[in-house]
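Below is one structure, written out as structure tokens; the observations come after it.
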Amino acid sequence: WIPCRVQDALGREVSARFGWLAKSATAVMEMSAAAGLTQLLPDEREPIRASTFGVGQMLSAAAARGARHIILGLGGSATNDGGTGMARALGFRFLAGDGHALGRSVTDLRDLARIESPNDLKLPSITAACDVTNPLLGPTGATRTFGAQKGATSAELEILEGSLTQLAEISAQTFPCDHRTVSGAGAAGGLGFGLLTFAGAEIRSGFEVVAETIDLRSRIARADIVITGEGRLDHQTLSGKVPAGVARLARELRKPVFVIAGQATADPEVRALFAGLTTLDDRSPGFRETPALLEMRAAALGPQLRAAAGK
């Protein structure tokens with residue numbers, strides 16, 4: 001683990017860390033280590049002013065260490081700034097029509113007229129790993145899908161959407177690319193868009209990145225049965241979540257796959273992925289109860305597992 005001092009989503013200095021794989025000079029980090037929602041108290045959630053500046057500081061720290069590649073996990077963000085905070089930390093400037101630099105608030109992006117790039121930006125290749133496929137804008141975009149859970153009011157959602165729309169417009173005029181509709185651009189409050197636009201990153205399924213790293217295909221091929229799990233199994237599971245990825249890979253290899261979930265909806269498309277499904281409880285268990293419930297449900301699933309494995 002490599003420690004570094006960065007700003008949290010509200011600009012306070014905090015201690016973050018990232019993993020270092022020495023053989024490949026690869027840094028592995030989570031954006032939430034710098035700008036995560038869990039770092040804030042409920043009454044501190046302010047996506048209007050929350051920033052990904054600390055994420056840019058982590059990227060810079062990895063680059064300064066000599067990283068040849070960075071894997072950055074997207075998710076759990078407190079932000080909705082389209083990655084502009086990250087970009088500022090890397091040296092980008094966001095300017096109004098009269099040339100003055102815009103403030104840190106996301107609302108200031110409504111006055112964005114020009115983006116200036118740093119002259120000496122040197123970053124390694126970056127893979128943004130995420131489990132969602134949302135674009136930057138629109139009804140399934142960053143703001144309208146995730147903004148409310150970060151503390152945005154109905155009025156603030158409209159402001160945030162307008163700010164990110166202006167960011168996308170000026171970015172498309174400035175750079176030879178337009179990433180607003182790319183799958184995953186809306187991840188982590190639009191940080192996916194920012195990484196694509198300002199850092200030349202690629203976005204990949206988090207499941208695919210991890211599955212390749214641990215050679216999951218060969219592990220499943222050697223197994224009799226496969227067991228996976230998720231807190232809540234619902235239609236979002238189909239959008240790049242781990243259980244769906246595991247189930248599809250297991251099916252390719254003709255292996256029965258079972259899932260244990262905290263809760264599950266009756267969505268037939270989701271349930272059809274699995275040979276068997278069990279849930280912990282109809283109510284939401286407290287964290288202290290979860291291990292005991294998991295043990296009980298797994299034990300109850302045992303006969304189905306043995307039957308599927310032919311044992």
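Bear in mind that the values here come from a model prediction, so they are computed numbers and not experimental data. Just so you know, these numbers use all the heavy atoms, side chains as well, and skip hydrogens, waters and symmetry mates.
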Knowing that exactly one of Thr84, Asp81, Thr79 qualifies, which makes a side-chain hydrogen bond (donor to acceptor under 3.5 Å, both in side chains) with Thr52? Asp81
Evaluate side chain to side chain contact (heavy atoms under 4.5 Å, CB included) for Phe274 paired with Leu233, printing each intermediate quantity in order. CA-CA 11 Å; Phe274 307 101; Leu233 204 69; 4.0 Å; yes
Are [X] and [Y] connected, step by step, through hydrophobic side chains (Ile, Leu, Val, Met, Phe, Trp, Tyr) whose heavy atoms are closer than 4.5 Å?
X	Y	answer
Leu136	Leu112	yes
Leu40	Met58	no
Leu37	Phe146	no
Leu305	Leu294	yes
Val55	Ile115	yes

My understanding is that only residues two or more places apart in sequence, or in another chain, count here; which of them pass side chain to side chain contact (heavy atoms under 4.5 Å, CB included) with [X]?
X	result
Arg248	Leu238, Ala244, Leu273
Val226	Ile220, Val246, Ala250, Lys255, Val257
Ala87	Phe92, Phe94, Phe198

All pairs passing side-chain hydrogen bond (donor to acceptor under 3.5 Å, both in side chains) where residues 22-33 contributes a residue, at least two apart: Ser24-Thr26
Among pairs that include at least one residue of residues 168-177, which meet side-chain hydrogen bond (donor to acceptor under 3.5 Å, both in side chains), considering only residues two or more places apart or in two chains? Glu169-Arg180
Would you confirm whether [X], through its side chain, and [Y], through its main-chain N or O, come within 3.5 Å as a donor-acceptor pair?
X	Y	result
Arg17	Trp1	no
Ser218	Asp215	yes
Glu156	Ile48	no
Arg49	Arg104	no
Glu252	Leu249	no
Asn134	Ala187	no

Can you sort out the partners of Arg93 under salt bridge (charged side-chain N to carboxylate O under 4.0 Å, His left out), two or more places apart, ordered by chain and number? Glu116
Which residues share a salt bridge (charged side-chain N to carboxylate O under 4.0 Å, His left out) with Glu13, sequence neighbours left out: Arg5
Residues forming a side chain to side chain donor-acceptor pair (under 3.5 Å) with [X], sequence neighbours excluded:
X	result
Asp131	none
Thr143	Asn80
Arg12	Asp8, Glu44
Glu161	Arg144

In Å and rounded to the nearest 0.5 Å, what is the [atom1] to [atom2] distance from [X] to [Y]?
X	Y	atom1	atom2	answer
Lys122	Ser60	NZ	OG	13.5 Å
Ile170	Asp111	CD1	CG	11.0 Å
Thr197	Met86	OG1	CE	8.5 Å
Thr278	Met296	OG1	CE	10.0 Å
Ser51	Gln7	OG	CD	7.0 Å
Ile71	Arg204	CD1	CZ	8.5 Å

Between Thr127 and Glu202, is the side chain to side chain donor-acceptor pair (under 3.5 Å) condition met? List the steps. CA-CA 5 Å; Thr127 297; Glu202 65 165 349; 3.2 Å; yes
Closest approach of [X] to [Y] (non-hydrogen atoms, all atoms of both residues):
X	Y	value
Leu102	Leu95	CG-C, 4.1 Å
Leu164	Gly82	CD2-N, 3.7 Å
Ala264	Thr279	CB-CG2, 3.7 Å
Met29	Ala62	CE-CB, 3.8 Å
Ala142	Gly190	CB-N, 3.7 Å
Ala188	Lys150	C-NZ, 4.0 Å

Note, [X] side chain near [Y] side chain (heavy atom, < 4.5 Å):
X	Y	answer
Leu59	Leu195	yes
Ser77	Leu191	no
Phe18	Val28	no

Decide yes or no on side chain to side chain contact (heavy atoms under 4.5 Å, CB included) for Arg232 and Thr265, but give the supporting numbers first. CA-CA 8 Å; Arg232 178 176 172 79; Thr265 65; 3.3 Å; yes
Salt-bridge test for Arg217 and Glu212: reply yes if a basic N is under 4.0 Å from a carboxylate O, no otherwise. no
Suppose the criterion is ring pair (Phe, Tyr, Trp, His ring centres under 6.0 Å): which pairs have a residue in residues 20-73, not counting sequence neighbours? none
Please evaluate residues Ser105 and Asp108 with respect to the criterion side chain to side chain donor-acceptor pair (under 3.5 Å), reporting the C-alpha separation (whole Å), side-chain torsions for both, the decisive distance (0.1 Å), and the verdict. CA-CA 6 Å; Ser105 173; Asp108 291 342; 4.8 Å; no
